[in-house]
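Notes follow once the structure below has been shown.
Because only heavy atoms are used, hydrogens play no part in the values below, and waters and symmetry mates are left out as well, while side chains stay in.
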Amino acid sequence: MPSSSRSPNGKTAKRTSVGGGKRLVRTSSADHIALHIRTLIFDGVLRPGMRVPQDAIAEDLGVSRIPVREALIVLEHEGWVTIEMHRGAYINALDKRAVHDHYELFGLIYGFAAQRALARAGDELPNLLADLQKRFADATDPSDQQQLSIAFHATIVRGAASPRIIAVLRGMSAMVPGDFFEMVPDAVEVEERGLAAIVRAMKKNDGERASAEYAKMMRQVGNKVILLFDERSLFDQTPAEA
């Protein structure tokens, strides 16, 4: 049923059922609810300035408002929403600089992890990465590509053996919900080239080169995400200062 939500400036924005007209799998996980809300933002159901309809989301997911509030706290820490006391949570506007920064940070963190992994992991690490890279290059299904990409990065992080790196990465959410390479197919070629370059550097025991290749790959992936967000009109239309 069509309904509306009021933004902080008093304007009323129309929206459809936040569940897309079908009841979702019951869950009490704040992380899963946060993913659901990010998906609503990504799909344009929730727009910048809109108040998050907590009751409707709780009803769609079959949960109480408590885990929804927990999810909103997670999303506020990630920069997706702003919680105003006694008023609710409001969707923040996305901007290109934020997306650039997000992927630049990923490149820096994983690049740092690659350097530490070379120093701390066993000699078998480059071969493990090479196998994952080859399997990624051979994969054609977006879900398989995503899982192999995750496995590659996770292998780097495990090799670094640093709780600090793990803690930092846990604080960063995915910008694109769902199967990344299904939503951003142009990023497949970027990641394929990037993973191959990282493996070459790791086999040469060149941590600086591996770090540089990680930064380059993540920067290019971020550019592809920006193009997708532009297509979906997800960015704040207000001109930003340089």
Test of ring centre spacing under 6.0 Å for F152 and Y110: no
is_close_aromatic(F42, F229), centroid dist under 6.0 Å: yes
In Å and rounded to the nearest 0.5 Å, what is the [atom1] to [atom2] distance from [X] to [Y]?
X	Y	atom1	atom2	answer
I91	L40	CD1	CG	8.5 Å
F136	Q146	CZ	CD	10.0 Å
I226	E231	CD1	CD	12.5 Å
L129	I156	CG	CD1	4.5 Å
I33	R65	CD1	CZ	12.0 Å
K224	F180	NZ	CZ	10.5 Å

Backbone N/O of [Y] and side chain of [X]: donor-acceptor pair under 3.5 Å:
X	Y	result
D179	E182	no
D95	R97	yes
R120	A160	yes
R170	I165	no
S149	Q145	no
N92	V81	yes
S211	G207	no

Look at [X] together with [Y] and state whether they make a salt bridge at an N to O cut-off of under 4.0 Å.
X	Y	value
R232	D43	yes
D138	K134	yes
E213	R200	no

Are any non-hydrogen side-chain atoms of [X] and [Y] less than 4.5 angstrom apart?
X	Y	answer
P48	I41	no
R87	R51	no
E208	Q115	yes

Residue R209 excluded, over 12 heavy atoms near CZ under 6.0 Å: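 Open: at most 12 neighbouring heavy atoms sit under 6.0 Å from CZ of R209.
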Side-chain donor-acceptor pair present, T82, E76, cut-off under 3.5 Å: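 No donor-acceptor contact under 3.5 Å links the two side chains.
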So, for [X] and [Y], which heavy atoms are closest and what is the spacing to 0.1 Å?
X	Y	result
L72	I83	O-CD1, 3.8 Å
M175	P177	O-CD, 3.6 Å
Q54	R69	OE1-CG, 3.3 Å
Y214	H153	OH-ND1, 2.8 Å

Derivation of the side chain to side chain contact (heavy atoms under 4.5 Å, CB included) call for Y90 and M50: CA-CA 5 Å; Y90 295 87; M50 289 178 61; over 6 Å; no
[X] with [Y], same ILVMFWY side-chain cluster at under 4.5 Å:
X	Y	result
F106	F112	yes
M218	L105	yes
I37	I73	yes
I150	M183	no
V190	L195	yes

Working for salt bridge (Lys or Arg N to Asp or Glu O under 4.0 Å), residues D230 and K96: CA-CA 9 Å; D230 260 335; K96 294 181 181 181; 3.2 Å; yes
Residues E70, I66; criterion side chain to side chain contact (heavy atoms under 4.5 Å, CB included); working and verdict: CA-CA 6 Å; E70 292 173 351; I66 294 175; 3.8 Å; yes
